[in-house]
Amino acid sequence: MSPQQLRLRDELIAKRIAAAKTSVVKAVFPFTTNHHETLFGGQALSWMDETAFIAATRFSRKRLVTVSSDKVDFTHPIPEGSMVELVADIIHVGRTSLKVEVNIFVEDMYRDGVKKAITGVFSFVAIDEHKKPVPVLDGFDQETGLSAA
């Protein structure tokens, strides 16, 4: 790939990554908690996968499937009655796949302050109508990174 093609590809990817950043705010109600009155881990994973999916879809505008959650760290409990903000960022772009990091920040409803509580990375693959992998960006091919057109 020529230096100009690399620059054009990198500029396009950077613009799409910036436009794909996704933030979702949720309230932690009793029906989302466990017997410790903190956010149930399965609920957190569901919210994270959904937020990651939205960011990945905004980036590629393709059909996507989750293929893995590479690592999820629960570092701070999220008590019932708090608010959480899920923030998703594209951290890797492959030919047919994307990796999205999701961070969950917790804040008390009645006091200032935000703390990172959970971090995870989710991988997606773009697929066609036959569920076969396709490039995550139109106009890119495997060998040159840019279309021949």
Side-chain angles (χ1 to χ4, degrees), residues 1 3 5-29 31-34 36 38-109 112-147:
M1 202 179 323
Q5 289 174 317
L6 281 171
R7 185 180 54 75
L8 289 172
R9 181 197 66 185
D10 291 347
E11 286 175 6
L12 173 64
I13 289 172
K15 285 179 186 175
R16 295 190 77 86
I17 286 173
K21 185 174 183 111
T22 300
S23 178
V24 175
V25 178
K26 302 238 181 212
V28 180
F29 291 117
F31 63 87
T32 63
T33 63
N34 58 30
H36 300 292
T38 59
L39 182 63
F40 176 59
Q43 183 66 64
L45 289 171
S46 175
W47 288 349
M48 292 172 81
D49 186 33
E50 179 182 5
T51 306
F53 172 79
I54 292 167
T57 301
R58 290 170 105 182
F59 177 87
S60 69
R61 299 298 176 176
K62 299 283 180 95
R63 291 182 179 105
L64 297 163
V65 292
T66 306
V67 294
S68 72
S69 55
D70 300 342
K71 183 175 178 163
V72 179
D73 292 319
F74 295 81
T75 57
H76 184 72
I78 299 174
E80 177 184 314
S82 25
M83 296 179 288
V84 294
E85 181 174 16
L86 296 97
V87 179
D89 291 291
I90 308 296
I91 60 169
H92 176 77
V93 179
R95 191 178 87 75
T96 62
S97 65
L98 296 168
K99 285 190 180 216
V100 182
E101 181 179 73
V102 180
N103 291 293
I104 296 184
F105 299 91
V106 61
E107 63 182 288
D108 186 285
M109 285 194 191
D112 289 334
V114 175
K115 184 169 188 167
K116 186 173 3 177
I118 305 173
T119 299
V121 176
F122 295 79
S123 296
F124 296 87
V125 170
I127 59 170
D128 64 15
E129 61 276 0
H130 305 292
K131 299 183 173 74
K132 301 294 181 203
V134 297
V136 292
L137 289 176
D138 288 330
F140 282 75
D141 70 27
Q142 185 173 3
E143 292 177 17
T144 66
L146 292 172
S147 68

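Computed over heavy atoms, backbone and side chain alike; hydrogens, waters and symmetry mates excluded.
- Residues that satisfy the salt bridge (Lys or Arg N to Asp or Glu O under 4.0 Å) test with Asp10, not counting sequence neighbours, are absent from this structure.
- Note: Phe74 CZ to Leu45 CG = 4.5 Å, rounded to the nearest 0.5 Å.
- With hydrogens and angles disregarded, no donor-acceptor distance shorter than 3.5 Å links the side chain of Thr96 to the backbone of Gly94.
- Partners of Arg7 under the salt bridge (Lys or Arg N to Asp or Glu O under 4.0 Å) rule, at least two apart in sequence or in another chain, are Glu11.
- Every residue was checked against the side-chain hydrogen bond (donor to acceptor under 3.5 Å, both in side chains) condition with Arg61, not counting sequence neighbours, and none meets it.
- Looking at every heavy atom in both residues, Leu39 comes nearest to Ala44 through CD2-CB, 3.7 Å.
- Here Ser82 pairs with Val28, Ile78, Pro79, Val106 under the side-chain contact (heavy atoms from CB on, under 4.5 Å) rule; sequence neighbours left out.
- The side-chain hydrogen bond (donor to acceptor under 3.5 Å, both in side chains) check on Ser69 picks up nothing, with sequence neighbours excluded.
- Between atom NE2 of residue His76 and atom OG1 of residue Thr38 there is a gap of 10.5 Å, rounded to the nearest 0.5 Å.
- The minimum heavy-atom distance between Ala88 and Ala55, with the atom names listed, is CB-CB, 3.8 Å.
- Contacts of Lys26 classified as side-chain hydrogen bond (donor to acceptor under 3.5 Å, both in side chains), with partners at least two apart in sequence or in another chain: none.
- In this structure, the separation between OG1 on Thr22 and CG on Asp89 is 8.5 Å, given to the nearest 0.5 Å.
- Among pairs with a residue in residues 114-136, those fulfilling salt bridge (Lys or Arg N to Asp or Glu O under 4.0 Å) read Arg63-Glu129, at least two apart in sequence or across chains.
- Contacts of Thr66 classified as side-chain hydrogen bond (donor to acceptor under 3.5 Å, both in side chains), with partners at least two apart in sequence or in another chain: Asp49.
- Distance CG/Leu86 to CD1/Ile118: 8.0 Å, rounded to 0.5 Å.
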Exercise for review: Go through the steps to decide whether Val136 and Lys62 satisfy the test side chain to side chain contact (heavy atoms under 4.5 Å, CB included), and finish with yes or no.
Suggested key: CA-CA 7 Å; Val136 292; Lys62 299 283 180 95; 5.7 Å; no

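- Contact of the Val84 side chain with the Trp47 side chain is registered, since non-hydrogen atoms from C-beta on lie closer than 4.5 Å.
- Taking every heavy atom of both residues into account, Ile104 and Met48 meet most closely at CD1-CG, 3.6 Å.
- At a threshold of 4.5 Å between non-hydrogen side-chain atoms, the residues Thr32 and Phe40 do not count as touching.
- Side-chain contact, Thr75 with Asp73: no donor N or O sits under 3.5 Å from an acceptor N or O.
- Scored by the side-chain contact (heavy atoms from CB on, under 4.5 Å) test, Ala27 finds Phe29, Met109 as partners (sequence neighbours excluded).
- Under the side-chain contact (heavy atoms from CB on, under 4.5 Å) criterion, Thr57 pairs with Phe53, Leu64, sequence neighbours left out.
- A 4.5 Å side-chain heavy-atom check between Gln43 and Thr33 finds every atom pair outside the cut-off.
- Side chains of Val102 and Phe122 form a contact here, defined as non-hydrogen atoms less than 4.5 Å apart.
- Expressed to the nearest 0.5 Å, how far CE of Met83 lies from CG of Asp108 amounts to 7.5 Å.
- For Ile91, the side-chain contact (heavy atoms from CB on, under 4.5 Å) partners at least two apart in sequence or on another chain are Lys99, Glu101, Val121.
- Between Leu137 atom CG and Arg95 atom CZ the span is 11.5 Å, to the nearest 0.5 Å.
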